[in-house]
Amino acid sequence: MPKRAKVQARTSCAVAVSRRALASANSSVFTPPALATATSCTGHLVAVFPRRRTRATVSPMSSLLETGRSHDCGALRGRDVGASVVLFGWVHRRRDLGALIFITLRDRFGITQVVFDPDLAGPVQALAATLRGEFCVAVEGTVVSRGSNINPQMPTGEIEVQARSLEVFSSADPLPFNVADDAELDASEANRLKYRYLDLRRPSLQRNFVLRSRLATLTRITLADMGFLELETPYMVKYTPGGARNFLVPSRLNPGQFYALAESPQIFKQLFMVAGMDKYFQICRCFRDEDLRNDRQPEFTQIDVEISYATPARVQAPIEALIRRSWKDILDVELPAEFPRLTWAEAMARYGSDKPDIRFGLEFVDLTDLVRESGFRMFTDAAHIKALCVPAEHAEPLTRGRIEKLTELVKKRESGGAKGLAWARIGEGGTWSSPLTKNLSPEIMAAISERAGARPGSVLLIVADNFHVTHQALGTLRLELRDSLDLVAKAGLPPWQFLWVTDFPLFEKTDKGYVSSHHPFTSPRADHIALLDTDPAQVLAQAYDLVLNGNEIGGGSIRIHRSDVQAKVFATLGLDEAQIQQKFGFLLEAFRYGPPPHGGIALGLDRISMLMAGATSLRDVIAFPKTQRGTDLMTGCPSGADDEQLAELFIGHRGLPTEGS
RNA sequence: GGGGUGGUAGUUAAGUCGGUUAUAACGCCGGCCUGUCACGUCGGAGGUCGCGGGUUCGAGUCCCGUCCGCCCCGCCA
């Protein structure tokens, strides 16, 4: 309250000063004082130093808003010197040298310096002196060369605008954090979210959203050019438990019943295929009531695609084209003509991940057959014995102490829970320095070194356990070494490494039986359909993920269009006929009426934007994101609803924590 | 549900072993300054140390609880 009053005082003082300045000026030079009044017809503060006009019909009363801007704040260059311009924008910085005042004016296109020269601008000067950071203003003036004072750091640094008139659209309270100091982020995450509209003014975030917008536009252009139809699916859909938790929306017209917010348009896009839409896409919001992460928000945006008569290649080709075009147009990066493909089994065997980062080597070396008969208990008991061989040129930092830390890492439950980490440092002449020397014969050690390509100075890191533990532990270790040894930069590969991972298992076995790895509409490989009856765990899916630098940015599959196959999959998942009919009856019914074979994919628009922008959090590419607890600090959402509305929806509180409990 | 980490002026941070008036930078307010560009310079104001309780002669600091931000595991078909 006092703060606001202060600002208003400052502002009205400015009016008085500028009036005084106007009154004291040589009136013969000015148009009548009434024309140079301090408030424009639109109610904005304005100070005008009238130009000598050839046509008296131009009314100086007209606001600069009416005039409109002639350029954005990133447009002017040396070639524009002499031009008369109108700029709108925010006061980025002010440098008040007393008589001479510099203002940098910012909009989303750039920053331009404005100079208020008392010798030339007269009464405008007094108003200019009242400007503060983030005032929203209009400036009218002449583009002049900066002469010997050019600023090579700014695209507009050759020139500046010599102000003739200034109009303050609105003043600004001192900001809760600095918008102009963008390079060094000077705000806490909480404040950034509370004042998101200010955070979004920062040039770096503006760049992210320009990029995101271009990506969305390119998606529409590229896919539409290829004959895809942009179609919409409902957000309010039938609640089907299983999979991600749904947000529920109570139905007033159907008391006690709920819609679910769609966690994906999956079923509807398949029905589009049944409907003959052939090639569909949508830039679509999805909602999942799961815990948040740095790269997971409860609502996020997918580029959703489905095509009829699909094969994996026919889905992947247009996606590759879209990605290639986006990287070319937005980042000016040429991507390879075809992205490499790895089966899931290969990806796991070589990288211990279904989304491997292939920007650096450090692939797993399988030692199982070499050490199985070694007689060493640790190895004879393990189904999978694999190693990472850190090349000599990168291995120097791996001291005993560092290896000790890595051992603790792989023992953690979340990194696989390995029982330990065996290691060996290769010395001159190939001799091992390792706790294993007393357990392994020289022949076996030599054979391991040879297979791993170990040379003097190399370090071997070995995990022996079951499939899951060995691969997860070494996969975690591989990424840790990537970061701590800076392996990506040292590898020197192109910075964008795309990869298709294919042939995922159709099911995962859990305590409660089989669950879909992808979703229950994913088609098994044609040659694996028979296995559905005999060994579901072995069935591979016609599913594919698109991976970029170790991040899953999309996933899709060929769908089941045969009701007999769909029935077998449902049965394997343990659904009985009643459940199937209740959840998916309408889909199976649709499949009775001539469904085309079909398949598709969904790409994560947020994640792709994040990676393209070089951002480290999904929040930096989502305009109004939620906190990790799923709240919006700016609006205070979620919130309670009033009793009247709750009664209308037949909703009461049950088991809600009460105050003080 | 679990693990980690943080919360001190408008903002970002420092604050030692528990001890004098809680410190700095930026921002804000006032003065000076006609070529700055993170302008400079002189001065000033500004604090519920997240909140509640406890230990103590004395708590920003130690203990217990709680709220909130962030990171991770589980979870995300």
Side-chain angles (χ1 to χ4, degrees), chain A residues 2-3 6-7 9-10 92-104 111-121 125 132-134 144 146-154 156-157 160 162 172-195 198 240-246 263-264 266-267 286-298 300 412-417 476 504 506-508 510 514-522 541 543 552 555 557 569 573 575 583 604 616-617 619 626-629 631 633 660-661:
Chain A
K3 217 183 294 168
K6 229 186 294 175
V7 170
R10 193 168 68 206
H92 188 65
R93 280 182 217 283
R94 71 189 171 101
R95 293 182 279 273
D96 184 345
L97 275 56
L100 195 61
I101 299 171
F102 294 97
I103 293 292
T104 47
I111 297 174
T112 300
Q113 176 163 284
V114 177
V115 58
F116 295 90
D117 187 331
D119 300 337
L120 297 162
Q125 209 67 11
R132 293 296 181 273
E134 301 305 311
V144 297
R146 289 212 214 170
S148 58
N149 295 314
I150 64 164
N151 183 344
Q153 254 85 58
M154 310 174 67
T156 61
E160 63 195 356
Q162 195 139 44
D173 286 357
L175 264 56
F177 52 84
N178 195 336
V179 170
D181 271 338
D182 196 32
E184 208 171 313
L185 189 53
D186 192 23
S188 66
E189 200 70 30
N191 265 331
R192 292 181 55 196
L193 292 173
K194 181 170 178 189
Y195 301 97
L198 297 178
T240 52
R245 264 189 285 267
N246 290 111
E263 62 195 58
S264 102
Q266 182 61 37
I267 291 175
C286 300
F287 305 87
R288 295 181 188 176
D289 187 9
E290 296 294 343
D291 285 8
L292 283 74
R293 285 283 189 284
N294 189 29
D295 61 351
R296 267 168 24 196
Q297 282 276 317
F300 60 96
K412 281 189 189 167
R413 194 166 50 87
E414 61 264 31
S415 33
T476 303
F504 284 76
L506 189 61
F507 303 108
E508 273 169 50
T510 70
Y514 291 105
V515 298
S516 293
S517 307
H518 192 42
H519 57 58
F521 319 111
T522 304
E552 179 194 334
S557 63
V569 168
L573 294 171
L575 296 176
K583 285 184 176 182
T616 52
S617 166
R619 289 187 298 274
K626 304 285 191 287
T627 69
Q628 193 153 49
R629 287 173 54 82
T631 66
L633 295 178
S661 74

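First the proteins, then the strands, lettered A, B, ... as listed; each starts at 1.
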Atom CG of Asn191(A) and atom P of A13(B) are separated, to the nearest Å, by 10 Å
Answer yes or no: is there a side-chain heavy-atom contact under 4.5 Å between Thr156(A) and Gln113(A)? no
Between Tyr514(A) and Leu506(A), does a side-chain contact (heavy atoms from CB on, under 4.5 Å) hold up when you go through it step by step? CA-CA 9 Å; Tyr514(A) 291 105; Leu506(A) 189 61; over 6 Å; no
Hey, is the side chain of Arg629(A) poking within less than 4.0 Å of OP1 or OP2 on G69(B), counting only N and O atoms? yes
Flag side-chain contact, heavy atom, 4.5 Å: Thr522(A) against Ser516(A): no
pair_partner(G18(B)), Watson-Crick or wobble, both distances < 3.5 Å, evaluates to none
Taken to the nearest whole Å, CG/Asn246(A) to P/C76(B) is 12 Å
Measure from the side-chain heavy atoms of Ala99(A) and tell me the nearest of C71(B), U34(B), C76(B). U34(B)
Within the structure, does a side-chain N or O atom of Arg132(A) lie under 4.0 Å from either OP1 or OP2 of C29(B)? yes
Can you measure Glu508(A) atom CD to C76(B) atom P for me and round it to whole angstrom units? 9 Å
Integer-rounded Å distance: C37(B) C1' and Arg146(A) CZ: 7 Å
Within the structure, does a side-chain N or O atom of Gln628(A) lie under 4.0 Å from either OP1 or OP2 of C71(B)? yes
For Phe177(A) and G69(B), give me the distance from atom CZ to atom P, rounded to whole Å. 16 Å
OP1, OP2 of G69(B) versus side-chain N and O of Thr631(A): anything below 4.0 Å? yes
Can you check the distance between U21(B) and G1(B), where both ends of the measurement are the C1' atom (answer in whole Å)? 47 Å
Below 4.0 angstrom from OP1 or OP2 of A25(B), is there any side-chain N or O of Asn178(A)? no
Distance check needed: U5(B) C1' versus Glu189(A) CD, whole Å only. 14 Å
Considering just the side-chain nitrogens and oxygens of Arg95(A), establish if one lies under 4.0 Å of OP1 or OP2 belonging to G40(B). no
Return the pairing partner of U66(B) with a 3.5 Å limit on both distances, Watson-Crick or G-U wobble; otherwise return none. G50(B)
Partner of G10(B) under the Watson-Crick or G-U wobble criteria, both distances under 3.5 Å, comes out as C26(B)
Of the options G69(B), C76(B), C37(B), whose atoms approach the side-chain atoms of Leu193(A) most closely? G69(B)
Can you see if the side chain of Ser148(A) gets near the phosphate of G35(B) - specifically, an N or O under 4.0 Å from OP1 or OP2? no
Is any side-chain heavy atom of Arg146(A) closer than 4.5 Å to a side-chain heavy atom of Met154(A)? yes
Nucleotide nearest Asp96(A) when distance is taken to its side chain, options U12(B), C33(B), G35(B): C33(B)
Between C73(B) and Arg296(A), is there an OP1 or OP2 to side-chain N/O distance shorter than 4.0 Å? no
G69(B) OP1/OP2 closer than 4.0 Å to side-chain N/O of Thr627(A): yes
Would you classify Pro520(A) as touching base, sugar-phosphate or nothing, given that sugar-phosphate means primed atoms plus P, OP1 and OP2, and contacts are heavy atoms under 4.0 Å? base
When we call it a touch if two heavy atoms are under 4.0 Å apart, what does Glu160(A) touch: a base, just sugar-phosphate, or nothing? base
Whole angstrom value for the distance that separates P of G4(B) from CG of Asp291(A): 17 Å
Looking at every strand, decide which applies to Asp289(A) at a 4.0 Å heavy-atom threshold: base, sugar-phosphate, or nothing. nothing
Check whether any side-chain nitrogen or oxygen of Arg293(A) sits under 4.0 Å from OP1 or OP2 of C73(B), and answer yes or no. yes
Can you check whether any acceptor in the base of C37(B) is under 3.5 Å from a donor in the side chain of Arg94(A), or vice versa? no
What contact category does Asn149(A) fall into here, base, sugar-phosphate, or nothing, at under 4.0 angstrom with non-hydrogen atoms? base
Using heavy atoms to find the nearest nucleotide of RNA chain B for Gly243(A) and Leu292(A) separately, return the residue whose nucleotide is more 5′. Leu292(A)
Atom CG of Leu175(A) and atom C1' of G27(B): how far apart are they, to the nearest Å? 10 Å
Does the structure show Phe102(A) stacking with U36(B), if we require the centres to be closer than 5.5 Å and the planes to be within less than 30 degrees of parallel? yes
